[in-house]
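Report on the following structure.
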Amino acid sequence: METRYSAADIEAKWQQQWLELGLDQTPAKNDQPKFYALSMFPYPSGKLHMGHVRNYVITDVIARYKRMKGFRVLHPMGWDAFGLPAENAAIDRGIPPAKWTYQNIEQMRDQLKQLGLSIDWDREVATCSPDYYKWTQWLFLQFYKGGLAYQKEAAVNWDPIDQTVLANEQVDAEGKSWRSGAIVEKKLLRQWFLKITDYAEELLQDLDKLGGWPERVKTMQQNWIGKSSGAHLEFPIVDSDEKIAVFTTRPDTIYGVTYVVLAPEHPLVAKVTTAKQKATVDAFIEEVSKESEQDRTADDKPKKGVLTGGTVINPANGEEVPILIANYVLYEYGTGAVMGVPAHDARDFKFAEENNLPRKVVILPDDADNSDICLLEAYTDAGTMINSNRFNGMSSVKGKSAVIRYAESEGFGEERIQYRLRDWLISRQRYWGCPIPMIYCDDCGVVPVPEENLPVILPEEVEFSARGGSPLAQMDGWKNVDCPCCNKPARRETDTMDTFIDSSWYFLRYTDAKNEEKPFNLDDANDWMGVDQYVGGIEHAILHLLYSRFFTKVVRDRKLVGIDEPFKRLLTQGMVQALTYKNTNTNKYIPIDQIDPEDPQDPETGDPLTGFYEKMSKSKYNGVDPALVLDKYGADTARMFILFKAPPEKDLEWDDADVEGQFRFLNRIWNLVSGCDLSVVKKSSGELSKDEKDLRRAVHTAIKEIQEDLEGDYQFNTAIAELMKLSNALKDAKCVTSPVYIGGIEILLLLLAPFAPHLADELWQSLGHTQSIHTVSFPKLDESALKVDEITLVIQIMGKTRGTIEVPAGSSKEDLEKFARESEAAQRYIEGQEIRKIIVVPNKLVNFVIAK
RNA sequence: GCGGACGUGGCGGAAUUGGUAUACGCGCUAGAUUUAGGUUCUAGUGUCUUUACGGCGUGAGAGUUCGAGUCUCUCCGUCCGCACCA
């Protein structure tokens with residue numbers, strides 16, 4: 001068999017064979033250990049991109065390896081199929097969202113299959129299909145029953161382009177929508193929320209259980225949850241029964257309060273404002289409301305504020321201090337009011353300075369000797385309390401709890417834990433999403449749809465005319481329904497759920513994907529969960545991963561599953577980047593085919609261009625279409641390249657020359673194995689020659705290294721390097737008629753099987769095997785084969801390598817020293833020198849320390 | 001500003017507990033095969049000089065050690081996340 005390697009022929013053939021053999025199906029429960037390998041499911045945009053390819057190939061190698069290691073593996077795939085692009089396509093092209101989505105799924109499923117992924121397609125789910133979203137709705141009702149779903153009139157993040165509401169997590173630091181990029185506006189609407197804040201503490205604490213997660217993802221979640229502990233303190237308003245509550249992490253500075261500030265939106269503002277100040281206050285509120293979120297939170301923005309004319313009593317010392325409103329106090333955080341301690345808080349300091357408010361020093365640095373210090377900036381560190389009545393002389397660290405206890409005994413405050421995390425706003429004024437199963441009745445109020453009436457079907461034949469509100473709100477036939485309680489005419493909720501809800505439980509559905517009675521059965525979920533390896537992009541570090549953790553804890557508390565955390569190990573794969581050329585004067589990207597790579601110039605202006613590696617995208621003209629790569633080289637080459645080029649968590653720089661390199665490597669393997677002549681193989685003659693021993697060692701070294709690379713941190717790049725070394729060793733081997741050689745060839749194919757599954761099976765068959773290589777166990781490491789007769793001993797003088805000698809393996813320290821001392825390299829340097837010390841590291845080196 | 005990660009040839013990247021720095025690949029150079037190009041194969045490829053039994057070399061500088069890419073400290077740089085959170 002001396003034909004050329006043709007990926008196109010063999011890949012289609014083996015994909016068909018595997019399908020017929022059912023190799024990718026999930027085994028029923030048996031006594032094998034389980035392994036759940038999961039990739040984040042894609043949005044069915046219609047076209048596979050390189051980021052997908054990388055994601056799914058990584059998971060596939062892990063799944064295939066684990067199967068060879070004797071695990072029963074669950075490796076499913078599905079579609080995160082609700083979402084806005086389908087509506088946009090409907091508007092732009094007149095295709096109904098459902099039709100567009102299902103077409104895209106067909107297309108992308110075919111593309112995924114071409115990659116040779118060992119996915120159990122019998123468990124495929126699509127979040128937009130009624131048999132899936134029935135259970136999304138059912139789960140929502142569970143939340144509702146558990147008091148974890150509620151409605152609230154709220155100032156929400158309104159995306160003026162997509163015409164919908166966004167969760168806080170979906171608005172970036174500049175106040176822009178994560179999807180449309182539009183500046184988000186504030187709007188008051190009655191919306192559904194999920195009470196994720198009930199789980200804030202557990203979501204934070206359980207990060208410690210996630211040993212297999214990248215540190216940075218955990219840090220990001222920790223910051224997002226934003227726990228801080230301090231005190232809730234109440235300042236009585238003068239001439240009123242009401243009090244202003246503040247949250248502070250520094251109760252020890254309460255004697256330094258020189259004013260109190262309310263957020264402009266705070267409801268007490270109207271009550272405390274005096275007639276004299278009313279015009280000023282109203283003007284200020286007007287001014288602040290005109291500012292965009294971005295302006296208001298800008299870094300170097302001045303802290304503006306005005307007096308309300310009202311005053312409060314400092315409950316610790318009875319002093320009367322003014323109430324102000326200021327733009328830097330956020331209504332959404334804490335109580336929407338702060339106590340102003342300019343001497344010991346950087347923001348208050350700046351604000352007081354700009355608005356001529358007094359300062360009062362109450363914490364003295366430990367190294368200062370008097371209290372008259374002139375502050376140039378706020379002193380925010382710990383120190384000794386002064387000007388604080390009964391607390392004078394106490395360290396400020398102790399003072400925190402002492403002041404809290406005092407506040408409790410005097411009834412003006414208590415200890416308080418505050419989180420930055422807000423409840424999850426899930427209402428979306430969109431059509432293509434999961435309907436919220438709620439009904440509004442004039443008599444009965446808000447009524448949940450009875451479980452037996454689920455799913456609330458999303459009508460699929462809809463007309464889209466232009467961007468704007470959801471068509472559901474206009475579909476009277478759908479909207480009008482009888483109240484399940486009193487049978488009188490009522491109305492359905494026309495908002496749909498945030499699509500992040502759909503993806504917060506799909507990993508549970510895979511464990512029992514066809515269940516028509518419930519979302520999933522407890523035994524199956526407990527058998528497969530948690531996910532042993534989850535793979536996906538870092539962009540989901542907060543949103544999807546936090547929501548999924550929240551959902552898991554809620555369904556656990558509803559006794560639907562018995563685990564605390566959904567994902568045991570998380571691998572965040574790096575981006576796939578490609579070379580882009582940008583004109584730094586005009587900030588325009590130039591397509592690569594218009595450029596001479598030797599001398600990159602802007603074809604229009606003639607400016608020299610700079611090249612960088614950036615994430616592949618249409619707007620940068622640097623995308624590489626996976627379909628073209630598959631056509632030219634085949635799936636095995638694409639897989640090998642992606643795995644070899646960089647470690648999985650690092651960004652990967654696409655490079656056609658390196659793709660060629662992998663293609664060459666697969667061709668070398670093809671030629672190596674096709675060139676094998678089985679007829680000349682001799683019977684084992686017992687004792688191995690040196691060549692045979694060396695080859696056998698190379699083979700087992702490869703087994704050892706690849707196994708370690710796949711067990712630990714998934715170092716696919718070094719695993720492939722080991723495959724190359726083994727293939728080089730086999731190519732150079734002289735003993736081609738030895739059983740060691742042909743055994744080595746077989747092991748090479750077995751080691752290659754998870755990476756290049758089609759080529760490995762084809763060559764395996766060519767060696768006369770009738771069973772697919774993917775049903776064979778991973779080669780067993782024979783430690784004895786790694787033993788060497790001779791080792792290379794490094795001779796060092798004063799820690800510098802001066803030569804090497806070959807010595808028998810396992811020599812004693814004394815012998816090693818003797819060999820080293822007699823070596824030519826050592827002799828040159830120790831001749832006539834006084835040897836101070838000799839360090840012998842067994843099997844490694846001998847170092848002579850000589851008198852200088 | 002706060003938090004995290006990282007810095008190794010021309011390039012992507014390797015290096016158990018501190019023990020021969022640059023594995024593997026790309027690129028490049030030379031040669032062989034080929035009508036030619038491509039493919040394939042062989043050899044070479046950190047750097048400097050006085051080409052050696054040599055010097056220098058893992059962002060910079062110091063330290064610990066017989067010995068440091070690896071450990072400690074200081075500094076520089078890049079990337080990422082958060083950012084008025086009281």
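- Under the 30°/60° scheme for interplanar angles, the aromatic rings of A/Tyr714 and A/Phe716 are found to lie parallel.
- Residue contacts shown for A/Val849 are limited to sugar-phosphate atoms, with no base heavy atom under 4.0 Å away.
- Note: CE (A/Met220) to P (B/rC2) measures 19 Å, nearest angstrom.
- The cationic atom of A/Arg4 (NZ for Lys, CZ for Arg) does not lie both less than 6.0 Å from the six-membered ring centre of A/Trp670 and within 45° of the ring axis.
- Among the heavy atoms of the strands, none lies under 4.0 Å from A/Pro214.
- The base of B/rC26 lies outside donor-acceptor range of the side chain of A/Asp658, with no N or O pair under 3.5 Å.
- Residue-level contact check: A/Thr792 touches the bases, meaning some heavy atom is under 4.0 Å from a base atom.
- In this entry the distance linking CD of A/Gln577 with P of B/rC80 reads 10 Å, nearest Å.
- Residues from residues 699-720 of chain A lying near RNA chain B, meaning a heavy-atom separation below 4.0 Å, are A/Asn717, A/Thr718 in numerical order.
- When all heavy atoms of A/Met50 and A/Ile642 are compared, the pair lying nearest together is SD-CD1, 4.3 Å.
- Base orientation of B/rC6: anti (glycosidic angle beyond 90° from 0).
- Of the side-chain N and O atoms in A/Arg216, none sit less than 4.0 angstrom from OP1 or OP2 of B/rC6.
- For A/Lys645 and B/rG12, the shortest distance from a side-chain N or O to OP1 or OP2 is not below 4.0 Å.
- Between A/Ser228 and B/rA86 there is a side-chain polar atom (N or O) within less than 4.0 angstrom of OP1 or OP2.
- Atoms CZ (A/Phe665) and P (B/rG25) sit 8 Å apart, rounded to a whole Å.
- Distances were taken from every side-chain heavy atom of A/Tyr829 (C-beta onward) to each of B/rG25, B/rC53, B/rG13; the shortest belongs to B/rC53.
- Side-chain atoms of A/Tyr633 and A/Glu660, non-hydrogen and from C-beta on, do get closer than 4.5 Å to each other.
- Checking B/rG19, B/rU20, B/rC41 against every side-chain atom of A/Arg668, the shortest atom distance belongs to B/rC41.
- Side chain A/Gln796 to base B/rG19: a donor-acceptor pair is found below 3.5 Å.
- At the heavy-atom level, A/Arg828 lies under 4.0 Å from base atoms of the strands shown.
- A/Phe641 and A/Trp654 have their aromatic ring centers within a separation under 6.0 angstrom.
- Nearest nucleotide to the side chain of A/Lys844, out of B/rC41, B/rG19, B/rC53: B/rG19.
- Nearest nucleotide to the A/Asp345 side chain, out of B/rC82, B/rA86, B/rC41: B/rA86.
- When each of A/Lys615, A/Glu614, A/Lys620 is checked for a side chain to side chain donor-acceptor pair (under 3.5 Å) with A/Thr580, only A/Glu614 meets the rule.
- With B/rC26, B/rU20, B/rA86 as the choices, the nucleotide that has an atom nearest any side-chain atom of A/Leu330 turns out to be B/rA86.
- At the phosphate of B/rG38, neither OP1 nor OP2 sits under 4.0 Å from any side-chain N or O atom of A/Arg664.
- Among the heavy atoms of the strands lying under 4.0 Å from A/Asn728 are primed sugar atoms or P, OP1, OP2 only; no base atom is included.
- B/rG38 atom C1' lies 11 Å from atom CZ of A/Arg4, rounded to whole Å.
- By the 30° and 60° cut-offs, the orientation of the rings of A/Tyr331 relative to A/His266 is perpendicular.
- B/rG37 takes the anti form, because its glycosidic angle lies more than 90° either side of 0.
- Within the 4.5 Å cutoff, the side chain of A/Glu817 has heavy atoms near those of the A/Arg821 side chain.
- For the pair A/Arg420 and B/rA83, the criterion of a side-chain N or O lying under 4.0 Å from OP1 or OP2 is met.
- For the pair A/Leu652/A/Met575, no side-chain contact is recorded, criterion being any heavy-atom separation below 4.5 Å from C-beta on.
- Comment: A/Asp658 engages A/Lys645 in a salt bridge, judged by a side-chain N to carboxylate O separation of less than 4.0 angstrom.
- For the P atoms, the distance from B/rU50 to B/rG1 is 48 Å, rounded to whole Å.
- Residue A/Glu653 places its side chain closer to B/rG12 than to any other of B/rU39, B/rG12, B/rG19.
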Give RNA chain B the dot-bracket treatment, 5' to 3': Watson-Crick (N1-N3 with N6-O4 or O6-N4) or G-U (N1-O2, O6-N3) under 3.5 Å, [ ] crossing, | other strand. (((((((..(((......[....)))((((((.......))))))((((..).)))..(((((..]....))))))))))))....

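- A salt bridge is defined here as a Lys NZ or Arg NE, NH1 or NH2 lying under 4.0 Å from an Asp or Glu carboxylate O, and A/Glu708 with A/Lys704 meets this definition.
- Ranking B/rA23, B/rA83, B/rG19 by closeness to the A/Ala721 side chain, first place goes to B/rA23.
- Nearest nucleotide to the A/Lys725 side chain, out of B/rG3, B/rC66, B/rC24: B/rC24.
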